[in-house]
Amino acid sequence: MSDSPALEVRDLSHTYGDRQALDGISFEVARGEIFALLGPNGGGKTTLFRIITTLMRPIGGDARIFGLSVASEPADVREKIGVVFQEPSLDPKLTALENMIHHGHFYGMKGEALRDQAMALLNTFGLKDRSSDLTETLSGGLRRRVELAKALLPGPDLLFADEPSTGLDPGARLEFETELERLRAEHGTTIVLTTHFMEEADRADRVGILHEGNLVALGKPDELKENLGGEVVVIETGNPDSLCIKIRDRFSLECQTIDGSARIKVPRAHEFVPKVVEAFPGEVSALSFGRPTLEDVFIQKTGRKFWDDAGETPSGERAK
C-alpha cells in the first residue's frame with residue numbers, strides 16, 4: 001500500500017437513467033500532489049466527487065484511496081480523507097467552534113488538543129473573533145470558511161474539496177490556497193479539488209478537464225496550454241464560417257468557428273493580426289489575441305466554449 005497512488009481511478013462509469021454521467025474515466029493522483037478537476041456544470045465533476053468520497057457506488061470501474069477501494073472498503077477510506085462539500089454541512093444552531101469540536105469527535109479527537117487545533121484553524125481563516133457566534137448568524141462567505149477549517153481539522157492524508165472557492169471573497173480564497181500549500185509542504189497532504197475557476201485550476205500541479213462525463217485533457221496546466229502551439233486569435237465577424245474558409249485558403253491555418261467567432265492558433269500573433277485585417281478589409285469587426293488559456297484547451301478538445309457551459313464569465317479579457 002505504501003507505493004500506491006493517493007488516488008487511482010480506473011474505468012469509472014456511472015449513469016442516471018439514459019444519461020451517461022461518467023464514461024469510463026481513468027487517472028491517478030500522486031501523493032503530495034495538488035490536483036484540480038476542471039469542468040463546466042454537468043461535466044461529471046459532482047458525480048465523480050461523490051464516488052471517490054464514498055457517498056455512492058459507481059456502476060462500473062473502481063477508485064482507490066491509498067490502495068483502498070471506495071466501493072468495498074469505504075469505512076477504511078473515510079479514515080484517510082477530509083471532505084469539503086459544495087452543499088453546507090454545518091449545524092446552524094451551533095457556534096463555529098462547536099461545529100469544529102463536534103466534527104473532531106468523529107475522528108477521535110478530544111480535550112484541549114482538539115480545542116487548540118480548532119481555534120488555530122478558525123484563526124487561520126480570520127474567524128477567531130467569530131468562534132462563539134452561531135453559524136446561522138454568519139454570512140455565506142464566513143460559513144464557507146468554517147466548512148474549510150472543519151475539513152482540515154483531523155489533518156487528513158487526502159483532502160477532497162468540491163468547488164471550495166464558491167462563496168469566498170478573493171482574500172479568503174488566497175488564505176485557503178495558502179493553507180493548502182502549507183498542508184502539502186508540512187504534512188505531505190494530497191489535495192484533490194473540483195472547480196470551474198480557471199485561475200484555481202491553473203495553480204494546481206496537474207489538472208484533469210471533464211466534459212460530458214469524459215476526461216478530455218490531463219496534465220500540467222502550462223504543458224496543456226503550450227501543446228496548443230502559438231497564440232490564440234479571436235476574430236469577430238459577420239460570417240465566421242466564410243472567413244474561416246478564406247483564412248485556411250490564404251494562410252494555410254486551421255480555423256474554428258466557436259460561438260459566432262473565428263478562432264485561429266498561430267505563432268507570433270502580433271505579426272499575423274495586421275495581415276488578416278489587410279487581407280479581408282471590412283470583414284473583421286473586432287479582434288483579440290493572447291497566450292492560450294485552459295479555456296482554449298477546453299475549446300480545442302470539445303469544440304465548445306467553457307464559460308457558456310458553466311454559466312459563468314471569465315475573469316479576464318484578451319489583449320485587444
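This structure is a prediction, so every number in the text was calculated from the model and none was measured.
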Classify the ring geometry between Phe27 and Phe35 as parallel (under 30°), tilted (30 to 60°) or perpendicular (over 60°).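 Because their plane-to-plane angle is under 30°, the rings of Phe27 and Phe35 count as parallel.
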Non-hydrogen side-chain atoms of [X] and [Y] separated by less than 4.5 Å:
{"X": "Glu283", "Y": "Ile235", "answer": "no"}
{"X": "Ile59", "Y": "His14", "answer": "yes"}
{"X": "Gln256", "Y": "Pro240", "answer": "no"}
{"X": "Asn227", "Y": "Gln300", "answer": "no"}
{"X": "Val276", "Y": "Phe280", "answer": "yes"}
{"X": "Glu295", "Y": "Ile299", "answer": "yes"}
{"X": "Asp157", "Y": "Lys80", "answer": "yes"}
{"X": "Leu210", "Y": "Leu48", "answer": "yes"}

Test item: [X] side-chain N/O and [Y] main-chain N/O as donor-acceptor pair under 3.5 Å:
{"X": "Thr194", "Y": "Leu37", "answer": "no"}
{"X": "Arg263", "Y": "Val234", "answer": "no"}
{"X": "Thr137", "Y": "Leu134", "answer": "yes"}
{"X": "Thr15", "Y": "Asp18", "answer": "no"}
{"X": "Lys45", "Y": "Gly39", "answer": "yes"}
{"X": "Ser131", "Y": "Ala96", "answer": "no"}
{"X": "Asn99", "Y": "Asp91", "answer": "yes"}
{"X": "Arg57", "Y": "Ala71", "answer": "yes"}
{"X": "Gln117", "Y": "Ala113", "answer": "no"}
{"X": "Thr124", "Y": "Ala120", "answer": "yes"}

Same cluster or not: [X] versus [Y], using hydrophobic residues (I, L, V, M, F, W, Y) connected whenever any side-chain heavy atoms lie under 4.5 Å apart?
{"X": "Leu294", "Y": "Ile258", "value": "no"}
{"X": "Leu243", "Y": "Leu287", "value": "yes"}
{"X": "Met109", "Y": "Met119", "value": "yes"}
{"X": "Leu148", "Y": "Leu174", "value": "no"}
{"X": "Met198", "Y": "Val216", "value": "yes"}

Could you name each residue pair satisfying salt bridge (Lys or Arg N to Asp or Glu O under 4.0 Å) that touches residues 223-239, not counting sequence neighbours?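 Listed by first then second residue: Asp202-Lys225, Asp222-Lys225.
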After noting the C-alpha distance and the side-chain angles of Val284 and Thr237, does the key distance pass the side-chain contact (heavy atoms from CB on, under 4.5 Å) rule? CA-CA 5 Å; Val284 177; Thr237 179; 5.8 Å; no
Test side-chain contact (heavy atoms from CB on, under 4.5 Å) applied to Glu28 and Arg10, step by step: CA-CA 8 Å; Glu28 293 182 359; Arg10 285 288 172 262; 2.6 Å; yes
How long is the gap from [atom1] on [X] to [atom2] on [Y], to the nearest 0.5 Å?
{"X": "Thr95", "Y": "Leu97", "atom1": "OG1", "atom2": "CG", "answer": "5.0 Å"}
{"X": "Thr195", "Y": "Glu163", "atom1": "OG1", "atom2": "CD", "answer": "5.5 Å"}
{"X": "Thr46", "Y": "Asp162", "atom1": "OG1", "atom2": "CG", "answer": "5.0 Å"}
{"X": "Lys150", "Y": "Phe85", "atom1": "NZ", "atom2": "CZ", "answer": "7.5 Å"}
{"X": "Leu7", "Y": "Ile81", "atom1": "CG", "atom2": "CD1", "answer": "10.0 Å"}
{"X": "Leu158", "Y": "Thr190", "atom1": "CG", "atom2": "OG1", "answer": "5.5 Å"}

For [X], look at atom [atom1] and say whether over 12 heavy atoms of other residues, nucleotides or ligands are found less than 6.0 Å away.
{"X": "Arg115", "atom1": "CZ", "result": "no"}
{"X": "Tyr16", "atom1": "OH", "result": "yes"}
{"X": "Lys301", "atom1": "NZ", "result": "no"}

Search all heavy atoms of [X] against all heavy atoms of [Y] and return the closest pair with its distance.
{"X": "Ala217", "Y": "Leu224", "result": "CB-CD2, 4.3 Å"}
{"X": "Ala204", "Y": "Ala36", "result": "CB-CB, 3.7 Å"}
{"X": "Val84", "Y": "Glu147", "result": "CG2-O, 4.4 Å"}
{"X": "Arg143", "Y": "Leu90", "result": "O-CD1, 3.5 Å"}
{"X": "Leu22", "Y": "Gly44", "result": "CD2-O, 3.6 Å"}
{"X": "Asp11", "Y": "Ser26", "result": "N-OG, 2.8 Å"}

Would the His102 and Phe106 ring centres measure less than 6.0 Å apart?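 When the ring centroids of His102 and Phe106 are compared, they turn out to be at least 6.0 Å apart.
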May I ask you to check whether Phe289 and Phe272 place their ring centers less than 6.0 Å from one another?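 Aromatic pair excluded; centres sit 6.0 Å or further apart.
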For a side-chain contact (heavy atoms from CB on, under 4.5 Å) check, start with the C-alpha distance between Phe306 and His196, then their side-chain angles and the critical distance, and finish with the verdict. CA-CA 9 Å; Phe306 182 96; His196 59 262; 4.0 Å; yes
Ignoring hydrogens and geometry beyond distance, is a side-chain donor-acceptor pair present between Thr54 and Arg78 at under 3.5 Å?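 Arg78 and Thr54 do have a side-chain donor-acceptor pair below 3.5 Å.
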List in chain and number order the residues that pass ring pair (Phe, Tyr, Trp, His ring centres under 6.0 Å) with Phe125, two or more places apart in sequence or in another chain; answer none if no residue qualifies.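 Per chain and number, Phe125 pairs via ring pair (Phe, Tyr, Trp, His ring centres under 6.0 Å) with no residue.
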Report the C-alpha separation of Leu193 and Leu180 in whole Å, then their side-chain angles, then the decisive distance to 0.1 Å, and conclude whether the side-chain contact (heavy atoms from CB on, under 4.5 Å) test is met. CA-CA 11 Å; Leu193 56 92; Leu180 294 185; 4.3 Å; yes
